[in-house]
Trainee: 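Take this structure first; my questions come after.
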Amino acid sequence: MTGQNARSRDKSRVTVVPNGPVLVEGPVELVTEDGVTHTSDRFVVAVCACRRSKRYPFCDTSHRKRVRSDDSPASHDDSR
């Protein structure tokens, strides 16, 4: 693509946080599966990956409230 019809786009960085959100350098425009467009002008946008967010598709840190079964006291029994 060259000329006036070409759109110049810089690359955006996307960072996948283990057990957390997907961080996208903003501004962003997200289109959800129902066709609704969500926009954010923030420098970095946290996109929900767990679908627990009350602000979906944006992260509200609901993933932190999850209780993992492997963290239960019984799974760390050192009394052998």
Side-chain angles (χ1 to χ4, degrees):
M1 294 172 142
T2 59
Q4 293 180 350
N5 292 334
R7 287 178 38 174
S8 173
R9 289 191 129 182
D10 293 331
K11 293 181 182 178
S12 294
R13 180 174 295 238
V14 176
T15 305
V16 179
V17 178
N19 299 314
V22 177
L23 302 177
V24 182
E25 287 185 0
V28 299
E29 183 175 276
L30 301 168
V31 180
T32 52
E33 63 273 3
D34 57 1
V36 176
T37 300
H38 304 268
T39 60
S40 177
D41 292 328
R42 291 179 178 244
F43 178 72
V44 175
V45 178
V47 179
C48 178
C50 71
R51 299 190 61 90
R52 291 181 178 94
S53 175
K54 291 182 175 132
R55 298 186 59 235
Y56 186 83
F58 301 108
C59 179
D60 69 357
T61 69
S62 291
H63 60 274
R64 294 181 186 168
K65 297 176 182 112
R66 185 174 91 189
V67 177
R68 296 177 62 186
S69 61
D70 62 340
D71 286 341
S72 64
S75 67
H76 298 289
D77 186 11
D78 294 330
S79 62
R80 293 188 222 175

Trainee: Quick one: closest heavy-atom pair of E25 and V28, and the distance?
Mentor: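 Heavy atoms of E25 and V28 come nearest at O-CG1, 3.7 Å.
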Trainee: Measure the spacing between OG1 of T61 and NZ of K54 and express it to the nearest 0.5 Å.
Mentor: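 Going from OG1 on T61 over to NZ on K54, the span is 10.0 Å.
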Trainee: Would a single hydrophobic cluster contain both V14 and L23, if residues Ile, Leu, Val, Met, Phe, Trp and Tyr are joined by side-chain heavy-atom contacts under 4.5 Å?
Mentor: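 In one cluster with L23: V14, no.
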Trainee: Looking at T39 and F58, what are the two nearest heavy atoms and their distance?
Mentor: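 Looking at all heavy atoms of both residues, the shortest contact is O-CZ, 4.1 Å.
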Trainee: Taking all heavy atoms of S53 and all of S62, pick out the closest pair and write down the distance.
Mentor: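 Of all heavy-atom pairs spanning S53 and S62, the closest is CA-OG, 3.9 Å.
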Trainee: Any chain of hydrophobic side-chain contacts (each under 4.5 Å) joining V45 to V36?
Mentor: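 No, it is not one cluster - the side chains of V45 and V36 are not joined through contacts under 4.5 Å.
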Trainee: Shortest non-hydrogen contact from H63 to P21?
Mentor: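 Nearest pair, atom of H63 first, then P21: CE1-CD, 3.7 Å.
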Trainee: Any link between V24 and L30 through a network of hydrophobic side chains (Ile, Leu, Val, Met, Phe, Trp, Tyr) touching at under 4.5 Å?
Mentor: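 Yes, one cluster joins them.
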